[in-house]
Amino acid sequence: MERTHTCGELRKDDVGSSVVLMGWVAKKRDFGPLTFIDLRDREGITQVVLNEETSPDAHAKAKDIRGEFVIGIKGAVVEREGTHNAKLATGDIEVHADELLIYNTAKVPPFELEKSGSQNLASEDLRLKYRYLDLRRPQLQNNIRMRAKAVAAIRQYFDGRGFIEIETPILLKSTPEGARDFIVPSRIHTGKFFALPQSPQILKQITMISGFDKYFQIARCFRDEDLRADRQPEFTQLDMEMSFVNREQVYREIEGMFNHVLRLIDVEFPTEWPRMTHSEAMRRYGSDKPDLRFEMELQDLSSALKDTEFAPFRDTLDRGGEIKCIVVKGRSDYSRKQTDEIQEYVKRYGAGALAWIKIAADGTLASSLLKVLGEEKIAELASLAGAEKGDAVLIVAGRRSVVAASLGALRLEVARREDLIDRTAYKPLIVTEFPMFEHDEESDTYIAAHHPFTSPMDEDIELFKTAVNDASQHHLLGQVRAKAYDAVINGYECAGGSIRIHQKEIQDLNFKALGMTPEKARERFGFFLDALEYGTPPHGGFAAGIERTCMILCGTENIRDVMAFPKTASAQDLMMDSPGEVDDAQLNELGIRVE
RNA sequence: GGGGUCGUAGUUCAGUUUGGUUAGAACGCCAGCCUGUCACGUUGGAGGUCGCGGGUUCGAGCCCCGUCGGCCCCGCCA
């Protein structure tokens, strides 16, 4: 028996032909002398009919068949008359089998692959343990295949643009990224370790120094940090780098690549995406990756409260903090319970409290601040926020970073609760001019906001030099902007990159800014500093998360839906039960003792 | 490292508010019947250490303590 068709391709035109189909039994419906089998392969489902009168042997064999058995059938394609099934792509036809081969039996699966009606899927841990069964579900099949298409489209794009695909090693030395490394012991050099790449950052810069000019790679990356719905310990990124380019030229490639990929789901982005500086994004949306599918921008109430005597606000403003709000349209009916919930929500992000104003449909004002600020001030604030009758205003005061984080998160949370997000919309954005450094409150030091090879903006070079060389001006580092940028789609950071430093002096300056001694810098990236001195071209690039991109293509908010074999939130593989222990012999060979 | 939430039949859940006889439903599974189903129908049946351990109580799925695991979030992830 040789397969002639898949289970997804037979149509009316095929009626009359003799076909052989192979696949898994998705469903059997036994009517005694007549048996129906829904036969499934990766392309779809075809209904097979076994009739006791016309093919008794095949019909008799079907008696033993259960779900997920692997079978092959041979028979004639017959048009369904009056019984056509609109839910199936093959629903106009069915195959009347006269031969049936059972290639393999299957145990009853530990969960139902396709639940009927409104029943939920089995719990995720069970499905992860039997990932090979879960992957048979058409939904996951589609996601994994969409991922393959996306990667193919990316390769096609960069190949067409003259980029060269170069593989960099998985066994590396620890790279400068901030995350924890996965380390691999060396047997030959006992006591020494390789590190798995968190990204091929340094190596791709070295390919520029080597003169490859336009490089790309579909690179596996590893970070030993805690997981999230959109984070796994190993993930894949599209990594690219170009020489002799400015930021706009890199943006063009980001736009070109994503525009090409998004066509897979018939989304047409503008040739040039909107741009927004980091500071504007933080001010208007409280986020460096704003979701532009809905409005609800943050409004600043600080100026209207500059003379307030209400202690919490007074303190906030005196300490350089701010008071901002969002307006929730039509929700002046928020209950005490709901505002309490919202308060609990913002507290996670460090906000001390949540204040609110509600404007009833008749204009009556209610507010948690009514007693302390008075009706007149409340009305002024509501008006300043742009609130109208029927709206609710949610207010947070505090440090700028806390106000941004809490209101930025609350903006998304409220949008979800109020169903304000258009699920069919796709809004791209390039966020520019990220700060070069972030201030670490605890150690009162400045750390690289991007990575230590990111170039400062030309306009800020003098500021940068002053901040580094004059200890009393160190705080100015917080104002230095970098030639760093992110690509954001629907609030997901899909790609990030920068123009790199190509002059050794600037690089040295940057290490100094980060509090790294020349010796320390040399110890960590001496080879790279050496390379910088042998004719480094100006260069820049970006890296795009393959999983994040596929999540958007597949419309899912869970990274596990776009990976074939993902790990749980506690970084375990439930199917193969990894990580696992190793033999003492293996450890001895590596000179490792486990406490 | 911290917080939230969930854990009851093979699966998804109800039952926990207010402790009380024999822990239910649906789907799945097993056996029979059925020639047009596609969430087939129908008759019958099997199936439970209520995550695990301890405690309170005459009595615990339900209350208390601990513990393990899934998911989500904060920190972390440039």
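Throughout, protein chains are lettered first and strands after them, A, B, ... in sequence-line order, and every chain is numbered starting at 1. What you see is a predicted model, and the numbers here were worked out from it, not measured in a lab.
Residues passing the side-chain contact (heavy atoms from CB on, under 4.5 Å) test with A:Ile447, sequence neighbours excluded: A:Glu438, A:Thr445. For A:Glu68, the salt bridge (Lys or Arg N to Asp or Glu O under 4.0 Å) criterion is met by A:Arg40, A:Arg136, not counting sequence neighbours. In terms of the ring pair (Phe, Tyr, Trp, His ring centres under 6.0 Å) criterion, A:Phe542 has no residue partners (sequence neighbours excluded).
Computed from coordinates, the A:Asp181 CG to B:rC77 C1' distance equals 12 Å when rounded to whole Å. The distance between atom CG of A:Asp134 and atom P of B:rG10, rounded to the nearest whole Å, is 20 Å. Between the P atom of B:rU37 and the CD atom of A:Glu81 lies a distance of 14 Å, rounded to the nearest Å.
Separating the C1' atom of B:rU67 from that of B:rU12 is a span of 26 Å, rounded to the nearest Å. When the C1' atom is compared between B:rC33 and B:rC40, the two are found 14 Å apart, to the nearest whole Å.
Of the N and O atoms on the side chains of A:Ser455 and A:Arg500, not one donor lies less than 3.5 Å from an acceptor on the other residue. Using modelled atom types and a 3.5 Å distance limit, the side chains of A:Gln217 and A:Tyr215 yield a donor-acceptor pair.
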Protein-nucleic acid N or O pairs under 3.5 Å, nucleotides 50-52 of chain B:
none

Measure all distances between protein nitrogen or oxygen atoms and nitrogen or oxygen atoms of nucleotides 29-32 of chain B, and list the pairs falling under 3.5 Å.
unit_1	atom_1	unit_2	atom_2	d
B:rC30	OP1	A:Arg66	NE	3.4
B:rC30	OP1	A:Arg66	NH1	3.4

Sort me out a list of protein N/O and nucleotides 71-73 of chain B N/O pairs below 3.5 Å, or just none if empty.
unit_1	atom_1	unit_2	atom_2	d
B:rC71	OP1	A:Ala569	N	3.0
B:rC71	OP2	A:Ala569	N	2.9
B:rC71	O3'	A:Arg560	NH2	3.1
B:rC72	OP1	A:Arg560	NH2	3.1
B:rC73	OP2	A:Ala229	N	3.2
B:rC73	O2'	A:Arg348	NH1	2.8

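Distance from the side chain of A:Arg29 is smallest to B:rC38 among B:rU12, B:rC76, B:rC38. Closest contact between the side chain of A:Ala179 and the listed nucleotides B:rG28, B:rC77, B:rU37 involves B:rC77. Of the listed nucleotides (B:rC77, B:rU37, B:rU35), B:rU37 has the atom at the smallest distance from the side chain of A:Phe36.
Taking only side-chain nitrogens and oxygens, A:Gln572 comes nearer than 4.0 Å to OP1 or OP2 of B:rG70. Taking side-chain N and O atoms only, A:Lys87 has a distance below 4.0 Å to OP1 or OP2 of B:rA39.
Not a single donor-acceptor pair, N or O on each side, falls under 3.5 Å between the base of B:rC76 and the side chain of A:Asp226. Residue A:Glu112 places no side-chain atom within donor-acceptor reach of the base of B:rU12, judged by atom type and a 3.5 Å distance cut-off alone. Side chain A:Arg231 to base B:rC77: a donor-acceptor pair is found below 3.5 Å. The base of B:rG36 sits within donor-acceptor range of the side chain of A:Glu94, with an N or O pair under 3.5 Å.
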task: Apply side-chain contact (heavy atoms from CB on, under 4.5 Å) to the pair A:Met436 and A:Arg481, showing each step before the final yes or no.
output: CA-CA 5 Å; A:Met436 186 92 174; A:Arg481 294 165 299 168; over 6 Å; no
message: Is there a side-chain contact (heavy atoms from CB on, under 4.5 Å) between A:Glu234 and A:Cys221? Walk through the geometry before answering.
response: CA-CA 6 Å; A:Glu234 58 179 301; A:Cys221 303; over 6 Å; no
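A perpendicular orientation is assigned to the rings of A:Tyr130 and A:Tyr132, their planes being inclined by more than 60° (bins at 30° and 60°). Note on ring orientation: taking the six-membered ring where Trp is involved, the planes of A:Tyr446 and A:His474 are perpendicular (angle over 60°, cut-offs 30° and 60°).
Within 4.0 Å (heavy atoms only), A:Glu493 reaches no atom of the nucleic acid at all. Within 4.0 Å (heavy atoms only), A:Asp30 reaches at least one base atom of the nucleic acid. Among the protein residues, A:Leu88 comes within range of no part of the nucleic acid, since none of its heavy atoms lies under 4.0 Å from any strand.
B:rA23: no Watson-Crick or G-U partner with both key distances under 3.5 Å is found in any strand. Of the nucleotides present, B:rC33 is the one that pairs with B:rG41 by Watson-Crick or G-U wobble criteria, both distances under 3.5 Å. With a cut-off of 3.5 Å on both Watson-Crick or G-U wobble distances, the partner of B:rC76 is given as none. Nucleotide B:rU49 forms a pair with no other nucleotide shown, judged by Watson-Crick or G-U wobble geometry with both contacts under 3.5 Å.
Here the two rings, on A:Phe235 and A:Phe222, have centers that are 6.0 Å apart or farther.
Stacking here means ring centres nearer than 5.5 Å and ring planes tilted less than 30 degrees, and by that measure A:Phe31 does not stack onto B:rU35.
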